[in-house]
Amino acid sequence: MFGVAIIAALFLGLPVVALVARSIVDGSLSRALTARIVLDALWLSLLSTAVSLAIVVAFGMPLAILLARRRFRGSGLVEAIVDLPIVLPPSVAGLALLLVLGRRGLLGGPLGAAGIELPFTTLAVVLAQVFVSAPFFIRSARASIAEVDHELEDAARDLGASELQVFRGITVPLAAGGLAAGLVMSWARALGEFGATILFAGSIEGRTETLPLVVYGEFQGGNLDGSIAAAAILVLAAIGVLVAVRALHWGRALDVRTLG
Amino acid sequence: MSRRRLAAVAALAVALGVGACSGGAASPGSSVGPVDLTIYAAASLKSVLASVQAAYGTARPAVTLTIATDSSAALETKIEQGAPADILLSADTANPQQLVDRGLAAGAPVAFATNRLTIIVPAANPASLRSPADLARPGIKIIAAASAVPITKYAEQLIRNLATVPGAPPDFATAYAANVVSREADVAAVVAKIALGEGDAGIVYVTDARSSTSVTSIDVPQASNVVATYAGVVVKASPRVTAARDFLDWLAGPGGRAVLAGFGFQAP
């Protein structure tokens, strides 16, 4: 049993270690950190994920509160809709976005009339990221808000606190662990987004080519060095996410109850 | 699995039996069992290879072809990384030559077809493109292929040629480049995005334009057009070098050429 366990751990760990080690040993990581295509992609990735995270919180938080606090007709359906992007292959998400928001998509006509064309823009990158990453935040936020003791909130209301004060003073601090975990996991998913982006937003340097697209594009183009370097940056970011989760005692963030 | 293998063996037995009856005994060792050749092929060969598969099944019943398509450059990289391909069919001569140069090829590349370029637009032509010069019109959304995809080299040559045509818009090449909104992984993805209507125009091979009914093409003047030469090469690491070479020779010969011509490819 011990041997099998070691094999499992090696299988999961070795590829990642080998990739980062190679990027350092052959110097591709340090070279890439001065390469324009990688730097452009790194900047675009940071910018787009920051914007998508802000959108996820702005629109996801109200939905999470609603799902945590009220059972209503169809709430099960809404929960299922929220969960769907997690289990949906990203390429399917990209095609679906194109068929709805594309020029000839369902909403393409009205959008076009308003002078908005989404495909092949940085906004399309952001929308693809929001679509695939929002469920991670909403699920985690819903679960942690549902666990907050209602009596504490009611007590605050009895003392004359406004709804906003209750939310900021009681709900958010008590749900902070789950909210933070949701933020981190949602950001990580957005950072790694590939399939929906390449279908919906295409790929062009500085505008829609994020780091995961560089990993693919440089590999396709025969530039293994650039591909490995971009991949190593993503691995380091992913490790950073896990370290952050651990260090801030958000261990329960990785609990199946909150992330499903 | 075992039933399929049994069927394959039975088919081979029949084929050999027929061969023996006709008196043409195959040289021993050249075709001792069913052979499965894995072919890595340029994305622009996807449709024609489905017909090649059928035609080769008739010509060599014991050989089955497994085909994987992608950009030629990506396939070359994968073979360098040890991918189990027997043959590379590339949309250029540079990628096969690179395998030769790195000692990864068995024998010299074989040119088997040529192709030409055309401009495709969605069937409805929403941007009303009428001539190649329109590619430089501001606001046109052009879908191109990534820089390492062979067609990009040909397309850039075409753009340079069009820029020198008398009456061409000033800064034609720069204006074209500014209109590129996406660089796709291969030609098939360019066709797909034009067919979907998400892009206004793209430069693809004549054969790609024929393969989709959702696009129409705008002809490029013959004098400005670029000839793309397709070459294939046998992968040295293949355990089936003889059968692979036999296929490549067939593809470049009358049998293969007839199928290729049906899809708009020309002889090299």
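First the proteins, then the strands, lettered A, B, ... as listed; each starts at 1. Treat the numbers as computed from the prediction; the structure is a model and nothing was measured.
The distance from atom CZ of B:R183 to atom CZ of A:R207, rounded to the nearest 0.5 Å, is 10.5 Å. Separating the OG atom in B:S147 from the CD atom in A:E218 is a distance of 7.0 Å, to the nearest 0.5 Å. Here the straight-line distance linking atom CD of B:Q81 with atom CG of A:L224 works out to 5.0 Å at 0.5 Å rounding.
At most 12 heavy atoms of other shown residues, nucleotides or ligands fall within 6.0 angstrom of atom NZ in B:K236. Other residues, nucleotides and ligands contribute only 12 or fewer heavy atoms inside 6.0 Å of the NZ atom of B:K46.
Contact of the B:L196 side chain with the A:L99 side chain is registered, since non-hydrogen atoms from C-beta on lie closer than 4.5 Å. Taking 4.5 Å as the limit, some side-chain heavy atom of A:R103 sits within range of a side-chain heavy atom of B:P126. Inter-residue side-chain proximity for B:P122 and A:R104 is flagged as met; some heavy-atom pair is nearer than 4.5 Å.
Heavy atoms closer than 4.5 Å to chain A are found nowhere in B:V149, neither backbone nor side chain. For B:A146, no part lies under 4.5 angstrom from a heavy atom of chain A. Contacts between A:E117 and chain B at a heavy-atom distance below 4.5 Å involve the side chain alone, from C-beta outward. Contact of B:D186 with chain A is not made at all, since no heavy-atom distance falls under 4.5 Å. Looking at B:E198, both its backbone and its side chain come within 4.5 Å of chain A, counting heavy atoms on both sides.
Contacts between residues 37-46 of chain A and chain B, counted as heavy-atom pairs separated by less than 4.5 Å, involve no residue at all. Heavy-atom neighbours of chain B within the stretch residues 186-201 of chain A, taken at a separation under 4.5 angstrom, comprise A:I198, A:L199.
Of all the listed residues (B:K193, B:K78, B:E184), the one sharing the greatest number of non-hydrogen pairs under 4.5 Å with chain A is B:K193. By number of non-hydrogen pairs under 4.5 angstrom with chain A, the leading residue of B:V180, B:L75, B:N95, B:V181 is B:V181.
Judged purely by atom type and a 3.5 angstrom limit, B:S182 uses its side chain to pair as donor or acceptor with the backbone of A:S203.
Smallest separation of non-hydrogen atoms from A:F120 and B:G199: CE1-N, 4.4 Å. Scanning both residues, B:T77 and A:F219, for their nearest heavy atoms gives OG1-O, 3.6 Å.
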